[in-house]
Amino acid sequence: MSALAKTALALVLVTGLPGAAVPAAHAAPARDEVPIPAVSGLIPSTVGSADRDYTFFASDLDLAGRGYVEQEFFYSGKANVYDATVAPGIGARPTPSPTASIVSTGHPYRTRMVVRRPARPAAFNGTVVVEWLNATSQYDVEALWFRTHEFLLREGYAWVGITAQSAPITNPTLGLKAFSPLRYGSLDLTSGGTLTSGDPLSFDVYAQGLRAVRATGVLGNLRAQVRTVVAAGVSQSAGRVSVFVNAVQPRTRAVADAALLYIGGERLRADLDLPVFKVLSETEFTGPPSANEISSLQPDTNRMRTWSIAGASHSDWASFAVRYALLRRDQPAAPLRDNCARPSRSRIPDRYPLSAAIHHLAGWARRGVPPPAAPLIALAPDGVTVLRDAHGNALGGLRLAPFEVPVALDTGVNENPPGGTGLCFLNGTHVPFDRQTLRALYPDRQAYLRQFVPEAWRNVFAGYVLPADVREMLRDAHGSLAGRDLECGPLCANVAQFPIQPSTQLLRDHTAFLYLRGGDQLVRTLDQATFAVARGQSEPARRQRHYGEAIRSLERYQSLLDREHQRGHATAEQVGLLGGYARILIEGLSS
């Protein structure tokens with residue numbers, strides 16, 4: 001028998017498949033399976049219980065009214081320590097991490113995941129976004145959920161948040177164990193106190209959480225319909241997810257079908273077999289080394305896409321404002337204002353292109369069609385200085401209509417005040433244009449809308465904004481003061497945060513970002529209050545009359561808010577926050 005015949009016979013004996021191809025000599029070795037962790041059944045949650053036996057940051061959105069459920073699970077197992085490292089800060093690094101090696105194995109752990117998903121299979125679109133919860137604040141921050149919750153709920157996504165790092169469990173004042181020893185006392189990501197720095201178990205813990213999404217019952221009756229699992233991280237956790245994608249997932253059979261890196265992450269390997277979408281704000285082009293992505297930028301490919309949103313800031317306004325009531329409930333010591341050298345938090349709505357990126361990424365993973373490309377923020381010949389227009393706004397980049405048709409200085413730049421400390425360099429700046437500048441740009445309402453409306457639709461046609469979101473952009477433009485030739489100072493202007501400068505526009509933002517049922521009427525009522533305050537500030541002789549109109553609008557707002565609470569559309573904490581802000585404004589207008 002010839003050598004070839006002997007090989008063929010051996011193949012038949014092993015596989016039972018006559019004629020099967022002989023494996024090539026260079027074929028990759030079989031990949032290991034990520035273990036399926038042990039999942040503790042649904043952990044009951046009673047928000048407001050005296051011992052805080054409820055999910056930390058349990059959503060205060062009207063999930064039931066949107067056909068969603070929220071559930072929390074604990075999961076446990078044994079995890080590996082890898083030799084993979086993470087760059088400081090947001091994890092930006094110009095060199096991709098190589099495939100990791102195991103340093104040690106068999107380390108026990110126990111952690112948690114929070115699941116928000118459609119209650120009915122018919123409402124599920126088949127995509128699960130699994131967020132590595134951000135640990136920078138020393139407590140779990142659902143940074144992606146806070147930015148994109150309306151999109152995820154509207155489009156039928158499932159969202160899973162995983163606690164993969166130890167500080168949000170163990171921090172003595174802010175951690176989960178401090179929040180509720182009863183509920184979270186058993187959680188441990190340190191292998192019984194033997195691995196207390198660097199979160200070396202985090203990569204395997206996250207991988208096993210991803211495996212649990214498909215292989216266990218954490219998605220309930222949706223499990224059989226899962227088509228795409230997206231690994232996602234924001235800022236610090238984007239750095240971790242980028243290392244997971246580069247160094248850890250290549251060791252095993254894939255547990256993620258795609259990856260989303262927002263405002264962070266190292267350069268990605270060219271040989272990855274899953275699509276990766278990196279979305280950046282302007283801050284990552286202007287920040288210090290720990291928050292700068294310029295050296296990590298890479299060309300778009302059929303497996304890699306990068307968008308940079310001009311004017312947006314790393315720490316945005318919407319995701320901060322939407323959590324105010326949650327912070328007052330679950331982290332009352334957390335500040336609700338920034339102490340920065342400049343009025344902070346850009347108002348450029350990064351949530352729209354971020355939502356579009358998730359939409360494109362899911363389709364890319366399923367159908368292989370890359371998302372549209374976008375220009376990067378423009379840099380001077382030195383390769384590090386952002387080019388700017390006469391107002392100080394950045395040139396180039398993905399330009400949303402509110403930035404291309406500006407009403408303010410919006411940048412990714414800020415700093416701590418003299419002698420101050422903190423992370424103000426992440427917060428960006430927002431300074432509304434004065435009346436004279438707005439009058440020169442937009443002599444009347446039509447001059448403003450003639451520019452804004454087509455620009456908004458160009459965002460849609462380019463694929464940077466989804467059609468459902470452009471309607472919100474257009475609503476906000478119609479509620480803008482641009483082209484009305486009105487003054488908008490204290491009690492009116494959208495500057496900084498409410499505890500620093502109470503204003504009707506800030507209250508409008510707090511209301512709008514919650515997307516309450518009945519919220520459109522609340523927003524319109526606050527627009528009426530803003531117009532009245534601005535008219536009063538522009539016409540001193542009639543100020544008392546206009547301020548009276550604003551007070552009546554705010555009183556109507558309070559009545560509408562109480563009604564939505566009675567209907568179950570707003571929580572007591574939301575009503576307490578928003579209603580309290582309305583009272584502050586009424587008192588200010590009455591004095």
Lys/Arg-Asp/Glu bridge criterion (N-O < 4.0 Å) met for [X], [Y]:
X	Y	answer
R147	E131	no
R388	E282	yes
D469	R154	yes
R351	E150	no
E564	R567	yes
D520	R475	yes
E293	K278	yes

Just so I know, are the side chains of [X] and [Y] near enough to count as touching, which here means a heavy-atom distance under 4.5 Å?
X	Y	answer
R303	W364	yes
L297	L280	yes
Q537	L486	no
V384	L379	no
L326	R329	yes
R342	E415	yes
T127	L361	no
N459	M473	yes

Which heavy atom of [X] sits nearest a heavy atom of [Y], and at what distance?
X	Y	value
V465	A356	N-CB, 4.2 Å
Y448	A477	CE2-O, 3.6 Å
S242	L268	O-CD1, 4.4 Å
A362	Y157	CB-OH, 4.3 Å
S313	S346	OG-N, 3.3 Å
A550	L589	CB-CD1, 3.8 Å

Keeping the roles fixed (side chain from [X], backbone from [Y]), state whether a donor-acceptor pair exists under 3.5 Å.
X	Y	value
S308	I377	yes
R399	A394	yes
N134	V234	yes
E266	G91	no
S538	E487	yes
R435	D485	yes
S553	E549	yes
E70	S59	yes
R337	P499	no
R445	H478	yes

Can a side-chain donor-acceptor contact be found between [Y] and [X] if the only test is distance below 3.5 angstrom?
X	Y	value
Y557	T511	yes
E142	S319	no
Y262	D350	yes
Q451	Y442	no
D434	T437	yes
E587	S590	no

Inter-residue atom distance [X].[atom1] - [Y].[atom2], 0.5 Å rounding:
X	Y	atom1	atom2	answer
Q497	S344	CD	OG	4.0 Å
Y581	L577	OH	CG	4.5 Å
R583	Q558	CZ	CD	6.5 Å
T148	E155	OG1	CD	11.5 Å
R556	T525	CZ	OG1	5.0 Å
Q528	T530	CD	OG1	10.0 Å

For this session: Take R563 and Q521 through the side chain to side chain donor-acceptor pair (under 3.5 Å) test and state the conclusion after the steps.
Result: CA-CA 12 Å; R563 185 186 70 182; Q521 190 173 6; 3.1 Å; yes

Problem set entry | For Y464, the option from W457, F403, W307, Y352 that meets ring-ring contact (aromatic ring centres under 6.0 Å, His included) | W307

Seminar exercise, completed: The side chain to side chain donor-acceptor pair (under 3.5 Å) partner of R345 among T429, D410, D338 is D338

For this session: Could you check I263 against I90 for side-chain contact (heavy atoms from CB on, under 4.5 Å), going step by step and ending with a plain yes or no?
Result: CA-CA 7 Å; I263 53 177; I90 63 174; over 6 Å; no

Does the ring center of [X] lie less than 6.0 Å from the ring center of [Y]?
X	Y	answer
H360	F277	no
H359	F151	no
W145	F57	no

Problem set entry | Among V413, N416, N339, side-chain contact (heavy atoms from CB on, under 4.5 Å) partner for C424 | N416

For this session: Using a cut-off of 6.0 Å, state whether more than 12 heavy atoms not belonging to R484 lie near its atom CZ.
Result: yes

Exercise. Stepwise, does the side chain to side chain donor-acceptor pair (under 3.5 Å) test hold for E284 with S281?
Worked result: CA-CA 6 Å; E284 289 80 64; S281 76; 2.9 Å; yes

Exercise. Given the rule in the side-chain contact (heavy atoms from CB on, under 4.5 Å) test, do L507 and L585 qualify, once you have shown the distances and angles that lead to the verdict?
Worked result: CA-CA 9 Å; L507 179 55; L585 290 170; 3.9 Å; yes

For this session: Carefully, step by step, assess L61 and H149 under the rule side-chain contact (heavy atoms from CB on, under 4.5 Å).
Result: CA-CA 9 Å; L61 303 177; H149 60 85; 3.3 Å; yes

For this session: With side-chain contact (heavy atoms from CB on, under 4.5 Å) as the test, would you mind laying out the steps for V575 and D562 before giving the verdict?
Result: CA-CA 7 Å; V575 172; D562 288 338; 3.7 Å; yes

Exercise. Would you call the rings of F320 and W317 parallel, tilted or perpendicular if under 30° counts as parallel and over 60° as perpendicular?
Worked result: perpendicular

